[in-house]
Amino acid sequence: MEQLALIVGLLFATVVAVGLGDRLRLPYPVLMLILSAALTFIPGFPDLQIAPELILPIFLPPLLFATAQKSSWAVFRIRWRTLLLMAVGLVVVTTAVAAGAGWLLIPGIGIPAAIALGAVVAPPDPVAVESVSARVRMPRRLTTILQSEGLFNDAAAIVIFQAATAATVAGSRIGPGIAVSFILGAAIAVAVGMAMGWITVLVTRLIQSTVARSAVTLVVPFAAYILAEELHASGVIAVVVTALEMKRHARAEDAAERITRAAFWDVVELLATGLAFGLVGLAIKRVVDEEGTAIFAMLPAAVVVCLLVLVVRVLWIWLVAGMIKKRGTELSRLSFKDVIVLSWCGMRGLATLALALALPLTLDSGANFPARHEIIVIACAVLLATLVLPGLTLPWLMRVLKASEDPSVERDAARILARRAQSAAQAALKNNPLFKELPPEKLKSVRSQMTRLYAELTNSAPVQESVTDGGKVDEAAARDQRARSRELVVAAQTIALDAARQEIIEARKEPATDPEAADQVLRQLDLRTMIMPE
């Protein structure tokens with residue numbers, strides 16, 4: 001009963017932390033971590049322990065799924081360079097540097113265990129970054145870079161960690177096969193994600209209850225993650241691809257489901273995030289208790305690794321921004337203060353702690369895992385240094401650098417692109433021969449939708465939902481005619497929206513276009529709910 005009461009207490013504390021964070025302009029995950037760590041110093045405070053191997057499967061699937069639903073394949077195709085350089089390249093470089101430092105500073109650790117240490121401290125936490133950036137009016141160009149990075153960096157770190165720990169336990173070396181394993185695991189994960197997305201769409205279309213269809217989406221992330229892990233692939237990638245595929249197959253008539261699902265996942269994301277960081281705070285105190293006074297001897301190495309993690313991120317972002325000269329690439333337009341802000345947002349969190357606690361206790365030979373205690377202490381130090389300090393000081397840093405963006409600038413750029421999207425959609429309606437088949441009243445309805453497209457894309461008018469007749473049709477001929485009209489309307493809407501989407505993709509390549517505004521309009525086009533007249 002104590003364990004259940006503690007979980008309920010952490011969930012309630014999450015709600016309080018959200019309200020407090022809104023007032024203080026601070027991220028609530030950081031407040032939850034500090035609060036839960038402070039509570040553990042109360043004499044007799046109950047301890048909640050979750051098996052380390054269960055932490056990632058419990059918390060990563062729902063949190064990644066919630067984040068991935070805010071993106072789309074269109075945005076990913078545009079930002080693939082950012083994805084590779086930040087989510088894979090930076091993780092690999094950070095792992096190598098931290099591993100080198102650990103090998104030099106920790107006696108007897110060995111190269112494979114040092115690489116495991118590097119993988120533990122390498123991946124920034126997408127949940128923490130998302131919650132922090134949302135409260136400081138961070139420019140969209142920076143927010144989207146962080147979002148792209150956050151969805152896949154855990155996958156790269158986990159693959160390296162698993163290979164390093166397996167080599168350490170077996171007493172073998174890590175070879176170049178790790179790159180092959182990563183590519184193969186990613187390919188299998190993509191296939192699993194696409195299959196799960198397709199199956200989920202099929203199942204939800206067979207279920208009548210809107211609430212039940214939304215509940216299905218809570219099960220799917222865990223199923224995709226577990227299936228991919230059982231196939232020795234990346235569960236992280238599988239979950240993200242599942243979310244993107246479900247979004248790609250969304251239908252106009254699923255408006256009510258999307259509204260219910262959005263509200264449902266907002267609640268799930270908030271509570272899961274708060275509970276996860278509450279558990280992180282509890283685990284940090286447990287590590288301190290277990291290590292006792294020996295922890296002080298480990299602090300020098302921890303301080304060095306913390307500094308290296310920050311320096312590597314600053315240098316990597318600065319070098320990449322200098323090397324990429326192609327116009328239209330997000331990283332090529334970064335200023336010095338942008339580099340500082342992005343570097344300050346390299347916050348570690350749930351994945352770092354979970355990987356550290358998942359280290360095996362012993363090797364195949366029966367000996368203790370080398371430097372396991374040191375790795376855990378360093379991981380906790382990096383987590384605190386990169387999460388608490390930046391999380392509390394980022395609002396101040398944004399004010400000092402004057403890096404916050406005026407919301408009116410974002411709105412004006414989006415309005416220009418929304419107008420272009422509307423014009424392209426109307427031109428597609430006018431020029432396509434398909435519309436000669438539409439009955440006059442249906443054609444008028446579709447044209448009316450395209451007229452309202454600008455207002456809906458700029459959120460200046462409410463998005464209208466699907467409209468259904470609900471009445472019974474007795475005559476088969478009338479029913480067939482109605483179905484045919486509906487098919488034509490759907491085709492008309494699809495052609496118009498495809499034209500609008502292609503216009504924005506082309507506009508994004510123009511030097512004068514704000515790419516973040518273009519991505520926002522693309523996301524709005526992907527999410528947009530159409531009127532479906534019967």
Side-chain angles (χ1 to χ4, degrees), residues 49-56 91-123 154-179 181-182 185 229 232 280 283-309 312 348-386:
Q49 295 193 31
I50 297 179
E53 62 272 14
L54 294 179
I55 294 178
L56 289 178
V91 166
V92 171
V93 172
T94 304
T95 299
V97 173
W103 182 70
L104 291 173
L105 297 173
I106 303 175
I109 188 174
I111 293 179
I115 294 175
L117 164 63
V120 166
V121 302
D154 287 347
I158 290 171
V159 169
I160 297 173
F161 175 82
Q162 290 173 338
T165 52
T168 305
V169 170
S172 59
R173 296 181 177 180
I174 296 181
I178 188 172
S181 299
F182 176 76
E229 292 293 324
H232 303 288
V280 168
I284 290 175
K285 175 59 167 56
R286 192 181 313 126
V287 169
V288 173
D289 289 340
E290 290 176 357
E291 300 304 326
T293 57
I295 198 172
F296 294 105
M298 306 173 189
L299 291 182
V303 171
V304 171
V305 173
C306 289
L307 291 175
L308 286 176
V309 164
V312 166
R348 274 55 176 179
L350 181 63
T352 291
L353 184 69
L355 291 178
L357 296 178
L359 287 167
L361 295 174
T362 60
L363 309 181
D364 287 344
S365 63
N368 292 331
F369 192 94
R372 185 178 188 273
H373 291 178
E374 287 84 350
I375 293 175
I376 293 176
V377 169
I378 291 174
C380 290
V382 171
L383 189 152
L384 290 172
T386 60

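Computed from a predicted model, the values in this text were never measured in an experiment. Only this structure's heavy atoms are used, side chains among them; waters, hydrogens and symmetry mates stay out.
In this structure, the side chains of I158 and P123 stay at 4.5 Å or more apart for every pair of heavy atoms.
Contact detail for V91 and A122: the closest heavy-atom pair is O-CB, 3.7 Å. Smallest separation of non-hydrogen atoms from I376 and A356: CG1-O, 3.7 Å. Considering every non-hydrogen atom in both I375 and A113, the closest pair reads CD1-O, 3.8 Å. The nearest pair of heavy atoms linking C306 to A385 is SG-CB, 3.9 Å. Residues E229 and Q162 share a closest heavy-atom pair of OE1-NE2, 3.8 Å. Between A119 and I160, the closest heavy-atom pair is CB-CG2, 3.9 Å.
Remark: N368 pairs with T362 by the side-chain contact (heavy atoms from CB on, under 4.5 Å) rule, at least two apart or across chains. By the side chain to side chain donor-acceptor pair (under 3.5 Å) test, H373 is found to be paired with E291, residues two or more places apart in sequence or in another chain being considered.
Using a distance-only test at 3.5 Å, with no hydrogens or angles considered, a donor-acceptor pair links the side chain of R348 to the main chain of V121.
Residue T352 holds its OG1 atom at 6.0 Å from CG of L383, rounded to the nearest 0.5 Å. I109 CD1 to F369 CZ: the interatomic distance, rounded to the nearest 0.5 Å, is 8.0 Å. Interatomic distance, CD1 of I378 versus CG of L105, reported as 8.0 Å (0.5 Å rounding).
For the pairing with R372, the side-chain contact (heavy atoms from CB on, under 4.5 Å) check across T168, L359, V377 returns one residue only, L359.
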